[in-house]
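The structure presented is a predicted model; accordingly, all values stated were derived computationally and were not measured. Naming: A, B, ... by sequence-line order, numbering from 1 per chain.
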Amino acid sequence: MQIEINDDFDLAKIVASGQCFRAGLVNNGTYRFITGNNVLYIQETERGLFSVSCDCDEWHSVWIKYFDLDRNYRTIFEEEHGKHPFVDRTMDAGRGLRILRQDPWEILVSTIISQRKSIPVIQKSVEIIAEKYGTIKKTEYEELKLFPSAKDLLHVSEDDMRKCGVGYRAPYILDAISKVTSGEVDLGVIKELPDGELLQSLERIRGVGEKVANCVALFSYGRTACVPVDVWISRAINDDCCGISPFDLYGENAGIIQQYIFYYKLSRQR
DNA sequence: TATCAGGGCCTAG
DNA sequence: CTAGGCCCTGAT
């Protein structure tokens, strides 16, 4: 099916921006995204025109939300550009980035894993967990594994989890499995809470601190006022912003600005 | 072979 | 509030 998207939307930048760990380029120009039980193959055929593997119903019920296409990033870009010289540069470089609305459970586990790891290593651990414990999904192109639900992981021991390369984070993930399946932290219910309480609920899980909670809030619940501050963002604040955090300038869009800055720093590291 | 750092968090003091 | 430790892997 053909889709027209009349907004900032750059697949390569989105995939390289470190917010999703299983999405990627599968072959010349075709990107694959996975969320829940759905798999999408998408390719930009002409400027603003995309070929997608799903039907119209699935595009509207799943992927418009996933790609945050109800939000106009061009308008945000124009509104926020011009407030801060360094941030402006990162926005110019990252134009086309969007904040995906990904599955909260997958993002929770992935970001617990992410602490003190490099992105390729995170991707590897997430992939091993999917490979070992995910259910099989057949598409018209390939057979792959979905990311396992919390319930799928209930029987997994700490030792099993360590064999996925997660190291000392294994007990953290077990605690997440336990609290999410028991409903002590209900990922569906907390969706309705205001930002502060949402973060607090997530931080009841061991191994979930301020940064991980903000990642889940931003990358799966679409809380664009939330700003995960990691080593790259704090370096940007120290090295490029004279030690003064720029995020107060951007209010409800601060999380989106964070993604421009993160992408900019990451793509310039080597 | 040795050392370091990687989208942090927990515990002690 | 700050300092250290942490499991493991890839890079140098």
Side-chain angles (χ1 to χ4, degrees), chain A residues 13-24 87 90 93-94 97-129 131-132 147 156-179 185 199-224 226-241 243 245-247 254-270:
Chain A
K13 289 181 187 173
I14 290 168
V15 163
S17 73
Q19 59 179 309
C20 46
F21 298 104
R22 293 195 74 201
V87 174
T90 70
L97 281 173
R98 309 181 72 82
I99 303 292
L100 303 177
R101 283 176 175 255
Q102 304 177 73
D103 177 69
W105 170 248
E106 179 173 345
I107 290 298
L108 174 61
V109 176
S110 304
T111 51
I112 288 173
I113 291 171
S114 75
Q115 53 187 270
R116 292 294 304 178
K117 271 179 181 283
S118 59
I119 291 176
V121 182
I122 301 164
Q123 289 170 332
K124 185 180 280 185
S125 286
V126 173
E127 205 54 49
I128 293 172
I129 292 173
E131 189 53 47
K132 278 185 155 176
F147 190 80
V156 174
S157 70
E158 179 176 334
D159 218 43
D160 291 336
M161 195 46 76
R162 279 178 180 266
K163 285 179 182 143
C164 300
V166 302
Y168 64 85
R169 309 159 193 81
Y172 299 165
I173 297 171
L174 294 197
D175 191 54
I177 294 167
S178 151
K179 289 201 166 82
V185 176
L199 296 174
Q200 270 187 3
S201 308
L202 290 166
E203 286 173 24
R204 295 218 300 268
I205 297 166
R206 284 185 57 79
V208 177
E210 203 175 348
K211 190 268 174 181
V212 168
N214 275 285
C215 280
V216 177
L218 179 61
F219 299 140
S220 63
Y221 292 114
R223 303 302 179 92
T224 53
C226 293
V227 178
V229 178
D230 55 38
V231 291
W232 295 104
I233 295 298
S234 47
R235 268 177 213 158
I237 294 172
N238 289 326
D239 301 345
D240 305 304
C241 306
S245 168
F247 294 108
I256 297 171
I257 298 299
Q258 175 273 161
Q259 203 61 18
Y260 287 121
I261 298 176
F262 183 79
Y263 173 79
Y264 182 87
K265 295 299 276 184
L266 195 66
S267 59
R268 251 150 245 261
Q269 64 174 310
R270 8 185 195 280

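Counting non-hydrogen atoms under 4.0 angstrom, A:Gln258 reaches a base of the nucleic acid. Nucleic acid contact for A:Tyr263: none, since no nucleic acid atom lies under 4.0 Å from a heavy atom of the residue. Among the atoms of the strands shown, base atoms are found under 4.0 Å from some heavy atom of A:Ser17. Counting any heavy atom pair closer than 4.0 Å across all strands shown, A:Gln19 reaches a base atom. Residue contacts for A:Val229: at a heavy-atom cut-off of 4.0 Å it reaches no nucleic acid atom on any strand shown. Among the heavy atoms of the strands, none lies under 4.0 Å from A:Gln123.
The side-chain heavy atoms of A:Ser220 and A:Asp103, taken from C-beta on, include no pair separated by under 4.5 Å. Residues A:Tyr221 and A:Val216 meet the side-chain proximity criterion, which asks for heavy atoms closer than 4.5 Å. Considering only heavy atoms from C-beta on, A:Phe21 stays 4.5 Å or farther from A:Gln102 through its side chain. At least one side-chain heavy atom of A:Ser114 sits under 4.5 Å from a side-chain heavy atom of A:Lys211.
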inquiry  = Quick one, A:Lys265 with A:Asp240, criterion salt bridge (charged side-chain N to carboxylate O under 4.0 Å, His left out). Give me CA distance, side-chain angles, the key distance, then yes/no.
reply    = CA-CA 10 Å; A:Lys265 295 299 276 184; A:Asp240 305 304; 2.7 Å; yes
Derivation and outcome, side-chain contact (heavy atoms from CB on, under 4.5 Å), residues A:Phe147 and A:Ile129 = CA-CA 7 Å; A:Phe147 190 80; A:Ile129 292 173; 4.1 Å; yes
task = List the steps and the verdict of side-chain contact (heavy atoms from CB on, under 4.5 Å) for A:Ile113 and A:Ile173.
result = CA-CA 8 Å; A:Ile113 291 171; A:Ile173 297 171; 3.8 Å; yes
task = Please test A:Phe247 against A:Ile257 for side-chain contact (heavy atoms from CB on, under 4.5 Å), starting from the C-alpha separation and ending with a verdict.
result = CA-CA 8 Å; A:Phe247 294 108; A:Ile257 298 299; 4.2 Å; yes
inquiry  = Between A:Leu199 and A:Arg223, is the side-chain contact (heavy atoms from CB on, under 4.5 Å) condition met? List the steps.
reply    = CA-CA 10 Å; A:Leu199 296 174; A:Arg223 303 302 179 92; over 6 Å; no
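Nearest-nucleotide mapping onto DNA chain B: of A:Glu203 and A:Phe262, the residue sitting toward the 5' end is A:Phe262. Between A:Val208 and A:Arg235, the residue anchored closer to the 5' end of DNA chain B is A:Arg235, taking for each the nucleotide with the nearest heavy atom.
Annotated stems with DNA chain B as a participant read B:2-6 with C:8-12, B:8-13 with C:1-6, given as range with range, by first number; only runs of 3 or more Watson-Crick or G-U pairs under 3.5 Å qualify.
Here, B:dG7 and C:dT12 have their P atoms 14 Å apart, quoted to the whole Å. A distance of about 15 Å separates the P atoms of C:dG4 and B:dC4, rounded to the whole Å. Using P as the reference atom, C:dT9 and B:dC10 are 23 Å apart when rounded to the nearest Å.
Under the side chain to side chain contact (heavy atoms under 4.5 Å, CB included) rule, A:Gln259 has a single partner from A:Ile99, A:Thr224, A:Leu100, which is A:Ile99. Under the side chain to side chain contact (heavy atoms under 4.5 Å, CB included) test applied with A:Gln19, the options A:Thr111, A:Leu218, A:Ile14, A:Ile107 reduce to a single match, A:Ile14.
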inquiry  = Walk along nucleotides 2-12 of chain C from 5' to 3' and tag each nucleotide B, S or - by protein heavy-atom contact under 4.0 Å, base first, then sugar-phosphate.
reply    = ----BBS-S--
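You can see that DNA chain B meets the heavy atoms of chain A within a 4.0 Å-exclusive cut from B:dA5 to B:dT11, reading 5' to 3'.
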